[in-house]
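Below is one structure, written out as structure tokens, with a few remarks after it.
If you're wondering where the values come from, they're calculated on a predicted model, not measured in any experiment. All values below come from the heavy atoms of this structure, side chains included, with hydrogens, waters and symmetry mates left out.
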Amino acid sequence: MSRHQAYRNYDYENDLDEYEGDDGYSDEGEELSPEDRAQLDAGTAEVRAALGVESSKVTTQQIQEALWHYYYDVDKSIAYLKTKFITPSNKKKGSSASKGEMSPRNVSFTDFFSDMPWLNIPKARETTFIEPPRIQGGLLGGSSTTGKVSKLQALAAARKKKADNQKLEEKQVHEATQKLSSLSTSTNKTESAKENIRPPNIVHKETTGFGSIAAVKNTPRRIEAESAKARDQVQSRLDAATNSPAHLPVPTSPSPIVAPFEIATPSPFAQALLGSTNSSTTSAQRNFLFPYMNLTTSVADAFAAPSPDDLVLKAQSQASSKKLAATTAKKKSESGAKGSEVTEGVKGLKIDDTPLPKSKNIDVLKEFNKAKSKKSASFVVVGHVDAGKSTLMGRLLLDLNVVDQRTIQKYRKEAESIGKSSFALAWVLDQRSEERSRGVTIDIATNKFETETTSFTILDAPGHRDFIPNMIAGASQADFAILVVDATTGAFEAGLKGQTREHALLIRSMGVSRVIVAVNKLDTVGWSQERFDEISQQVSGFLSATGFQLKNVSFVPVSGLHGDNIVKRSTDAAASWYDGKTLVEELESSEPMARALHKPLRLTISEVYRSTQSPVTVSGRIDAGSLQTGDALLVQPSGEKAYVKSLELDQEPVEWAVAGQNVVIHLSNIDPIHVRVGDIICDTKQPIACIDTFTVKVLAFDVLMPMQVDVHRGRLHGAGQILEIPALLDKTKGTVLKKKPKIVKPASVARVVVKMATKVPLEAGQRVVLRSGGETVAAGLLE
């Protein structure tokens with residue numbers, strides 16, 4: 001049992017009054033009862049008597065507040081008054097005073113961190129910095145583990161010695177040339193001499209700061225002296241390596257003079273951890289150089305020249321650049337020949353310049369008034385599941401010769417093959433394979449027929465509760481309704497508790513005021529007049545309670561399977577007591593709803609498909625306004641613009657259409673992804689707004705409160721939420737009975753605010769249905 005059904009028989013009067021705050025409590029304040037006042041006075045007297053002389057330190061209001069807080073407990077109230085007012089403790093004052101004595105200037109960070117565990121580390125656990133092992137910087141990665149020199153190493157050493165000797169000779173020649181050039185009268189050095197001066201590898205302390213001019217002038221001489229010294233050391237080591245090949249040279253570099261680091265002032269936190277700066281001892285600084293920085297100048301020069309890989313890559317890049325230059329020249333030569341081809345190709349391109357359809361500017365309303373056509377009307381067939389709605393409409397179409405007997409025989413044979421021979425007439429409207437196999441209508445089935453005065457459109461709605469959204473979509477397009485009731489014993493009672501009542505509520509909520517009640521299957525009870533009167537009486541009662549006027553309600557006893565009282569009167573003697581109109585006569589006597597011809601165009605899309613005339617074809621009922629071929633339309637909520645390529649009415653091409661007609665529109669200049677079922681086609685000059693929050697005046701069918709709901713408007717349905725209930729309204733006058741009620745009882749009228757998950761096209765005056773948990777909870781009009 002759902003929670004809504006559990007609340008239907010619930011007595012709200014006792015609990016809701018208490019829930020809504022009607023037991024004497026108000027928001028303005030609380031009045032003490034005479035009993036509470038008497039207890040307060042008696043408790044006040046007892047407290048004053050117990051306190052004695054000290055009672056003068058507290059007021060009567062303080063005593064009464066203590067008694068009220070402790071529920072008239074005199075002992076607890078006395079203890080509270082003594083602690084709070086008579087003898088308050090001075091702990092807070094003392095603590096605040098002691099805190100006030102502390103000054104930030106007297107804070108000792110050393111004392112603050114004196115109890116930290118990292119200050120008492122044993123000497124054995126302190127870190128000892130060990131100089132990293134120096135990697136021997138031999139020419140080819142050092143000596144082997146056996147101490148022997150390989151042939152490759154010996155050959156490399158010999159070549160290196162030869163290269164060094166050659167460099168030494170060149171250096172001597174250069175020095176001699178330099179000495180000769182210094183004998184000239186010019187004090188300036190030649191450009192070649194300037195270029196041959198190598199920059200110093202070691203930066204001295206004097207060169208890092210702003211030294212004297214004399215120190216700057218003596219820099220070249222110092223560089224030459226250091227270079228000669230380094231050459232002598234390298235030459236001596238190479239000679240030693242050549243004389244004793246069993247050992248590789250271990251190059252060492254002279255210890256450089258490095259500027260000492262500037263020690264920053266320690267922070268208070270560092271002073272607390274390591275002590276003050278006065279007590280710190282000056283320790284000798286040890287600088288650990290990286291192994292690859294410990295190479296001699298001669299070894300470093302070995303890697304100064306480009307590597308073989310660099311030479312290969314450079315050669316490849318030069319070759320590719322030459323090839324690229326050749327290719328570019330070739331392309332330039334061919335560009336002149338291809339230019340004409342490109343020009344011809346551009347000329348061959350074609351853009352779809354099909355002109356948009358132009359409107360003929362027809363005065364649609366004038367043409368509609370001139371046309372002497374039959375009046376059009378749509379009706380929806382509703383009722384409980386298995387009440388015989390589809391069979392009844394199939395018999396109606398058969399008797400009106402809309403469907404021939406051969407087609408019915410074909411359907412009967414197909415139905416017999418699956419064991420459902422009685423469903424042959426229902427298959428006239430139920431065309432889907434799933435509907436035929438399950439024996440129930442799933443979606444809205446449409447068909448047309450004409451009488452002498454009216455052209456009717458049948459909207460056969462599903463009766464199963466799982467397909468209520470489809471039924472709502474059909475009811476939103478109808479001018480009046482046929483409510484089919486099953487007259488068999490037990491079936492009517494089950495339907496009255498099931499979808500018969502809900503369908504009646506829905507069609508009334510969608511604005512349908514005219515109802516024809518078809519009491520079907522009356523032949524199964526022998527055309528009993530008593531059964532017919534019983535059903536008529538009960539159905540009239542709940543239709544009247546729903547809001548229908550009894551003058552707009554008609555009852556017709558019919559037999560959908562045999563065709564009695566549908567188009568022709570029943571020939572059965574048992575049904576001779578009924579002398580009223582047949583079902584078709586009742587339909588012809590029903591007037592369609594007034595058409596909103598002068599309002600802006602509004603059309604709800606019922607179906608979207610692809611046709612031979614247009615890739616985007618839509619069908620639906622025009623709710624308001626008119627349109628003609630060539631009109632520009634706006635599809636909401638996508639906001640895309642489209643044009644009417646052509647129109648079809650009753651499978652015939654037409655130039656225009658008005659409100660109340662079910663038309664097929666072939667659109668152009670729009671992508672199919674922007675058109676969906678449930679969207680609204682409107683006028684570009686007066687489009688419908690897309691909103692996500694709206695206020696609706698609803699009639700509650702079940703308990704309403706701030707909760708999740710499904711919002712249905714025709715084919716459109718989306719998820720929403722009732723945010724608040726601003727007011728409870730009077731049914732007849734519409735005046736506000738109560739502001740911001742907590743909940744709304746069934747059969748009450750209220751104003752609610754609904755928030756949608758996404759923006760949907762809605763405007764004032766449209767009818768919406770609110771459902772929750774598979775049940776219809778409310779329906780109403782947008783404000």
* Between OG on residue S638 and CZ on residue R676, distance to nearest 0.5 Å -> 7.5 Å

* Structure fact -> Taken to the nearest 0.5 Å, the spacing of E170 CD from T177 OG1 works out to 11.5 Å

* Asked: How long is the span from the CG atom in D671 to the CD atom in E640, to the nearest 0.5 Å?
  -> 8.0 Å

* **P687 side chain reached by E763 side chain, heavy atoms, under 4.5 Å** => no

* Asked: How far does CG of L633 sit from OG of S668, to the nearest 0.5 angstrom?
  -> 9.5 Å

* **Minimum heavy-atom distance between D710 and A719, given as atom pair plus value** => OD1-CA, 4.1 Å

* Can you find a pair of side-chain heavy atoms, one from V760 and one from P637, that are under 4.5 Å apart? -> no

* Asked: Can you tell if the side chain of V663 reaches within under 4.5 Å of the side chain of L603, non-hydrogen atoms only?
  -> yes

* Any side-chain heavy-atom pair of I665 and L647 under 4.5 Å -> yes

* To do: Ignoring hydrogens and angles, tell me if any N or O in the side chain of Q636 forms a donor-acceptor pair with the backbone of P761 under 3.5 Å.
  => no

* Asked: Are side-chain heavy atoms of K641 and N669 found at a separation under 4.5 Å?
  -> no

* Non-hydrogen atoms of P672 and V616 that approach each other most closely -> CG-CG2, 3.6 Å

* Minimum heavy-atom separation for Y643 to G630, with atom names? -> CD2-O, 4.2 Å

* **Listed once per pair and sorted, the salt bridge (charged side-chain N to carboxylate O under 4.0 Å, His left out) pairs that draw on residues 711-723, sequence neighbours left out** => D443-R715

* Could you check if a side-chain atom of Q766 sits within less than 4.5 angstrom of a side-chain atom of I688, using non-hydrogen atoms only? => yes

* T604 and L716: side-chain contact (heavy atoms from CB on, under 4.5 Å), yes or no, with the steps? -> CA-CA 9 Å; T604 304; L716 174 66; over 6 Å; no

* Side-chain contact test, heavy atoms from C-beta onward, threshold under 4.5 Å: evaluate it for H666 versus V664 and give yes or no. => yes

* **ring pair (Phe, Tyr, Trp, His ring centres under 6.0 Å) partners for H717, two or more places apart** => H712

* **Nearest non-hydrogen partners of K759 and D692, listed with the distance** => CG-CB, 3.9 Å

* **Heavy-atom pair with the smallest gap, counting every atom of V709 and Q721** => CG2-N, 4.2 Å

* Given side chains that start at C-beta, do those of V711 and M756 come closer than 4.5 Å, heavy atoms only? -> yes

* **V677 to S606 - nearest heavy-atom pair and separation** => CG1-O, 3.6 Å

* Distance, nearest 0.5 Å, that separates NZ of K162 from CG of N165 -> 10.0 Å

* Asked: Rounded to the nearest 0.5 Å, how far does OG1 of T684 lie from CG of L601?
  -> 9.5 Å

